[in-house]
Amino acid sequence: MKKQTLILILACLTIVAILVFVLIGKDIRATPSIEASSVLVINTKQEKEIFAKDVNRAVPIASITKLMTTYLVLEAIHTKALSWDEMLKLERVDDPQAVSLYAKTGTKYYTVEDLFAAMLITSANDAAEALAERIDAEHFTEKMNAKAKQFGMSTKTHFSSASGLDKNGEMSVSTAADLMILTKRLLHDFPEVLDTTSRTDYVTKNGDTIHTTNGALEEDAVSGMDGLKTGYTDQAGYCLIGTAVQNGERVISITLGSSTDAGRTKDAKKMMEFGFSK
């Protein structure tokens, strides 16, 4: 009788050990392996944090900066301080890492609408700077940082320029947690931004065609993807705030510091798929 009881106990323990091993193994396999140094993924409907990695570490954010510029431009449009059809002049951006709309097209004057699209779709730095100059030539970065404080972003976030390029030796820096605050606020207050960020290309009123820098969007890597913004400098690495809607639920994925453009696309795809699987 004692022998049978011992065998039964050992069998039960074996079954429990196997189940634990299977469940742990399943969880390990379910968590994607990624390059990005800082990551945050949420489901906005459930207000659920799905994945987090070094979300409070301040890092350079390159052209992700343009999302705050985007917010201020849309705010100016809504208050009628700026109009979509106003013509603005591009100025030379003296930085070797700059993406220049003027250098790409040879066209000097564009509408606000065209510059807005160029800023978001092809990440044109001269477009962002022209829009900032129009809104407040002297104090635009102060407006950016004041808005960040208003939104409840931490003191780790600091914007040094409208485009994300270094200015006077300073880089724009933020955290994944702070960028999630900005992203959610932008999508809540101005959801029409997705009409622009969902496009893989755009034709300006002058007939110039620009293409997206968002490889995940261009490759249709994630079903329902409609944005949002890429960033790259040597210091920041390859960054992407991606967002998509599936079955009525929106996932936002922030991946900062991927080592390559292809790695950025893979990281975003993995994180967004992971987000929708939870």
Side-chain angles (χ1 to χ4, degrees), residues 61-77 82 84-88 90-91 93 95 97-132 134-135 161-165 172 179 182-183 186-187 190-222 224-233 236 238-245 252-255 258 261-262 264-265 268-269 272:
I61 57 170
S63 284
I64 298 294
T65 297
K66 293 183 177 79
L67 288 184
M68 181 58 87
T69 302
T70 297
Y71 189 97
L72 292 173
V73 169
L74 289 170
E75 188 175 62
I77 291 289
L82 188 64
W84 288 123
D85 58 359
E86 184 176 342
M87 296 293 293
L88 299 180
L90 292 176
E91 299 293 342
V93 179
D95 189 307
Q97 297 196 81
V99 177
S100 169
L101 179 62
Y102 177 55
K104 285 177 179 287
T105 65
T107 304
K108 196 77 171 176
Y109 290 89
Y110 284 95
T111 64
V112 166
E113 184 176 14
D114 286 342
L115 293 177
F116 182 78
M119 173 178 68
L120 286 171
I121 295 171
T122 201
S123 203
N125 293 298
D126 51 358
E129 295 294 344
L131 290 165
R134 167 60 181 82
I135 292 172
S161 70
S163 62
L165 294 173
S172 289
L179 291 174
L182 171 57
T183 300
L186 176 61
L187 294 181
F190 305 117
E192 66 267 28
V193 69
L194 296 169
D195 295 338
T196 301
T197 61
S198 60
R199 304 182 69 157
T200 57
D201 53 52
Y202 174 89
V203 180
T204 70
K205 290 175 177 60
N206 297 325
D208 299 318
T209 301
I210 57 177
H211 302 281
T212 186
T213 54
N214 185 346
L217 180 67
E218 189 170 38
E219 296 172 14
D220 198 21
V222 180
M225 190 171 190
D226 51 10
L228 192 61
K229 188 71 194 74
T230 61
Y232 170 77
T233 60
Y238 291 85
C239 308
L240 176 62
I241 298 183
T243 186
V245 173
I252 300 171
S253 164
I254 297 177
T255 53
S258 299
D261 190 4
R264 169 172 63 188
T265 298
K269 182 176 186 294
M272 296 184 77

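Both backbone and side-chain heavy atoms feed into the values below; hydrogens, waters and symmetry mates do not.
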Could you pull out the closest heavy-atom pair between [X] and [Y], with the gap in Å?
X	Y	answer
L240	A216	CD2-CB, 4.4 Å
A130	L88	O-CD1, 3.9 Å
S163	K66	O-NZ, 3.0 Å
M225	G242	CE-CA, 3.9 Å
A62	A236	CB-CB, 3.9 Å
K108	E91	NZ-CA, 4.5 Å

Any sub-3.5 Å donor-acceptor pair from [X]'s side-chain atoms to [Y]'s backbone N or O?
X	Y	result
R264	G231	yes
T209	V203	no
T69	A162	yes
D126	L101	yes
D261	G215	no
T122	A118	no
N125	L165	no

Verify whether one side chain among [X] and [Y] offers a donor that lies under 3.5 Å from an acceptor in the other.
X	Y	answer
T230	N214	no
Y232	S123	no
Y109	N206	no

Hey, does [Y] have a side-chain heavy atom less than 4.5 Å from the side chain of [X]?
X	Y	value
I210	K104	no
T111	W84	no
D114	Y202	yes
L115	L90	yes

**Request:** Report the residues that fulfil side-chain contact (heavy atoms from CB on, under 4.5 Å) with E218, sequence neighbours left out, ordered by chain and then residue number.
**Result:**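 E218: side-chain contact (heavy atoms from CB on, under 4.5 Å) contacts with T212.
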**Request:** Tell me, please, which residues at least two apart from D201 pass salt bridge (Lys or Arg N to Asp or Glu O under 4.0 Å).
**Result:**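 Residues passing salt bridge (Lys or Arg N to Asp or Glu O under 4.0 Å) with D201: none at all.
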**Request:** Under the salt bridge (Lys or Arg N to Asp or Glu O under 4.0 Å) rule, collect the residues that match up with R199, sequence neighbours excluded.
**Result:**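 With neighbours one apart ignored, the set is empty.
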Working to the nearest 0.5 angstrom, can you tell me the gap between [X] [atom1] and [Y] [atom2]?
X	Y	atom1	atom2	answer
T255	Y238	OG1	OH	13.5 Å
L131	L72	CG	CG	11.0 Å
L120	S63	CG	OG	10.5 Å
E86	I77	CD	CD1	8.5 Å
K229	L179	NZ	CG	12.0 Å
L186	T243	CG	OG1	10.5 Å

**Item:** Member of L182, D226, I252, T197 meeting the side chain to side chain contact (heavy atoms under 4.5 Å, CB included) criterion with L187
**Value:**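 With L187 as partner, side chain to side chain contact (heavy atoms under 4.5 Å, CB included) holds for just one option, I252.
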**Request:** Would you check, one step at a time, whether the test salt bridge (Lys or Arg N to Asp or Glu O under 4.0 Å) holds for K269 with E219?
**Result:** CA-CA 10 Å; K269 182 176 186 294; E219 296 172 14; over 6 Å; no
**Request:** Check whether NZ of the Lys or CZ of the Arg K205 lies under 6.0 Å from the centre of the six-membered ring of Y110 and within 45 degrees of that ring's axis.
**Result:**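 No, K205 and Y110 do not form such a contact.
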